[in-house]
Amino acid sequence: MANAEEILDDIVAALAAGKIQTGDSISRLAWEIGADRAEAGIHPKESLDAASIFFRVALPRLSSALADRPDYAELLNIVVLSLERSISTRIKAASASYTAFLLNRVHTVQIEERRRIARDLHDRIGHGISVAHQQLELHEHNRLTEPVRASGNVKLAEQAIQETMRNLRQVTSELHPNEPLKSLEKALLGYLDTVDCEAAVRLQVNGDEAWASPQVRDESFLIFREAVRNALAHARASLILIRIDIAPHEMRGVVQDNGRGFTGERSDPSGMGLKSMRERAELLGGSVTVSSEPGKGTSVELYVPRAMS
């Protein structure tokens, strides 16, 4: 409403001056609106639709108010040009703010992803290398005096190196692919092949993946992968179900487990996983909904409208 009032104020000022007014006094409000709508996940198309409706509603009423004026044609020309300029200037400012907000959010997600990778390298790779190094030092120490124990040290070092290699393959497979995904289903199956877990995992993909754009496939893969990773790492589940339904107009997917569940957002000790999934979904114009109860498992649902966009 404040935006609409300022647009009408611009028209009144233009009529009073007899020409279209220039200035940047509206930029702050429009910028705030753009950022607020980006944070709320409102697609820019909604703003364009609202601007179009406002133009169609306002112009006939403004024209009617000026109908009795002898200089009607001149005044109406000022009204039309001022209305168009005021609306378009605000949309440009709001769009710039919307884009800036999303770029900052992408940057934040990238930083958090790097931190997660750093933690994985430290926890999975660094620990294994440290154990192997320690066992080799013990081997050198026991080699002459206790050859049997020294032989055991070598075997333990080999086991640590093998485990480190498995963890390294898993970590590298989790990195964002350089090329757009051709198949969401194959990418998820490939990820599941790299993880070592006791839970049974079932994957079902329905619909034609060609109905989803490359960006939707890429980002949704990262969301589903993170949901599965959280379930494997924290849920203590015996069964994980993944179902993805792709239609020409939308994508819906859910990752469910029968694990221990949680309250709030404690399923991810880092506090980043659920936030990252939600932000990726918002970048697609969609949403992620997480529901869980202690002892009753967890469900992570993804919804992406206009999957081809």
Side-chain angles (χ1 to χ4, degrees), residues 1-7 10 24-55 86-116 176 212-227 229-230 249-255 262-292 298-309:
M1 293 301 297
N3 204 27
E5 289 176 2
E6 287 196 359
I7 293 173
D10 287 348
D24 57 0
S25 60
I26 63 172
S27 298
R28 181 173 181 179
L29 175 60
W31 186 272
E32 291 174 352
I33 288 174
D36 290 344
R37 290 178 178 174
E39 186 173 12
I42 300 175
H43 197 275
K45 179 182 179 297
E46 305 298 332
S47 297
L48 293 173
D49 289 343
S52 176
I53 292 171
F54 181 78
F55 187 93
S86 186
I87 290 176
S88 63
T89 301
R90 282 174 167 79
I91 286 181
K92 289 177 182 177
S95 297
S97 173
Y98 188 99
T99 302
F101 181 91
L102 293 184
L103 288 174
N104 289 334
R105 177 165 285 183
V106 168
H107 180 63
T108 300
V109 170
Q110 289 175 335
I111 291 176
E112 292 174 351
E113 186 77 359
R114 290 171 185 170
R115 288 174 178 167
R116 186 189 67 79
H176 194 289
S213 68
Q215 181 188 10
V216 169
R217 291 197 298 268
D218 283 354
E219 295 297 333
S220 61
F221 165 70
L222 295 175
I223 293 169
F224 290 127
R225 187 190 67 185
E226 182 65 21
R229 190 186 72 83
N230 279 343
H249 61 287
E250 68 179 16
M251 171 189 287
R252 293 182 182 271
V254 60
V255 177
F262 64 96
T263 57
E265 296 198 353
R266 291 187 296 171
S267 74
D268 180 9
S270 69
M272 296 181 182
L274 297 179
K275 180 181 178 182
S276 174
M277 286 190 287
R278 288 193 173 111
E279 290 179 347
R280 290 188 186 279
E282 288 171 5
L283 291 175
L284 298 174
S287 62
V288 166
T289 304
V290 181
S291 56
S292 183
T298 301
S299 174
V300 178
E301 298 182 48
L302 169 66
Y303 167 66
V304 180
R306 300 179 294 274
M308 285 301 296
S309 61

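Here the structure is a predicted model, which means the values were calculated and not measured.
Note: Leu48 CG to Ile91 CD1 = 5.0 Å, rounded to the nearest 0.5 Å. The CD atom of Glu6 sits 5.0 Å away from the CG atom of Leu29 when rounded to the nearest 0.5 Å. Atom-to-atom distance recorded for Phe221:CZ and Glu226:CD is 11.0 Å, nearest 0.5 angstrom. Between the OG1 atom in Thr108 and the CG atom in Leu103 there is a gap of 11.0 Å [rounded to 0.5 Å]. Here the OG atom belonging to Ser95 is positioned 13.5 Å from the CZ atom belonging to Arg90, to the nearest 0.5 angstrom. Distance CG/Leu222 to CZ/Arg229: 12.0 Å, rounded to 0.5 Å.
Salt bridge Glu112/Arg115: absent, no basic N to carboxylate O contact under 4.0 Å. A salt bridge is absent between Arg278 and Glu282; no separation between the charged side-chain nitrogens and carboxylate oxygens falls under 4.0 Å.
In terms of the salt bridge (charged side-chain N to carboxylate O under 4.0 Å, His left out) criterion, Glu301 has no residue partners (sequence neighbours excluded).
Identified under the side-chain hydrogen bond (donor to acceptor under 3.5 Å, both in side chains) test for residues 45-55, with sequence neighbours left out: Arg37-Ser47, Lys45-Asp49, Ser52-Arg56.
Residues Ala212 and Arg217 share a closest heavy-atom pair of O-NH1, 2.6 Å. Annotation for Val254 and Phe224: closest pair N-CE2, 4.2 Å, computed over non-hydrogen atoms. Pairing each heavy atom of Ala35 with each of Phe101, the nearest pair is O-CD1, 4.1 Å. Heavy-atom minimum distance, Tyr98 versus His43: OH-CA, 3.9 Å.
No donor-acceptor pair closer than 3.5 Å links the side chain of Thr298 to the backbone N or O of Ser292. A donor-acceptor pair is defined here as one N or O able to donate and one able to accept, closer than 3.5 Å; no such pair exists between the side chain of Arg105 and the backbone of Glu279. No donor-acceptor distance shorter than 3.5 angstrom exists from the side chain of Ser97 to the backbone of Ala93, with no hydrogens or angles considered.
Residue Arg280 forms a side-chain contact (heavy atoms from CB on, under 4.5 Å) with just one option from Leu302, Val288, Ile223, and that option is Ile223.
Residues Met277 and Asn230 form a side-chain contact, since some pair of their non-hydrogen atoms from C-beta on lies under 4.5 Å apart.
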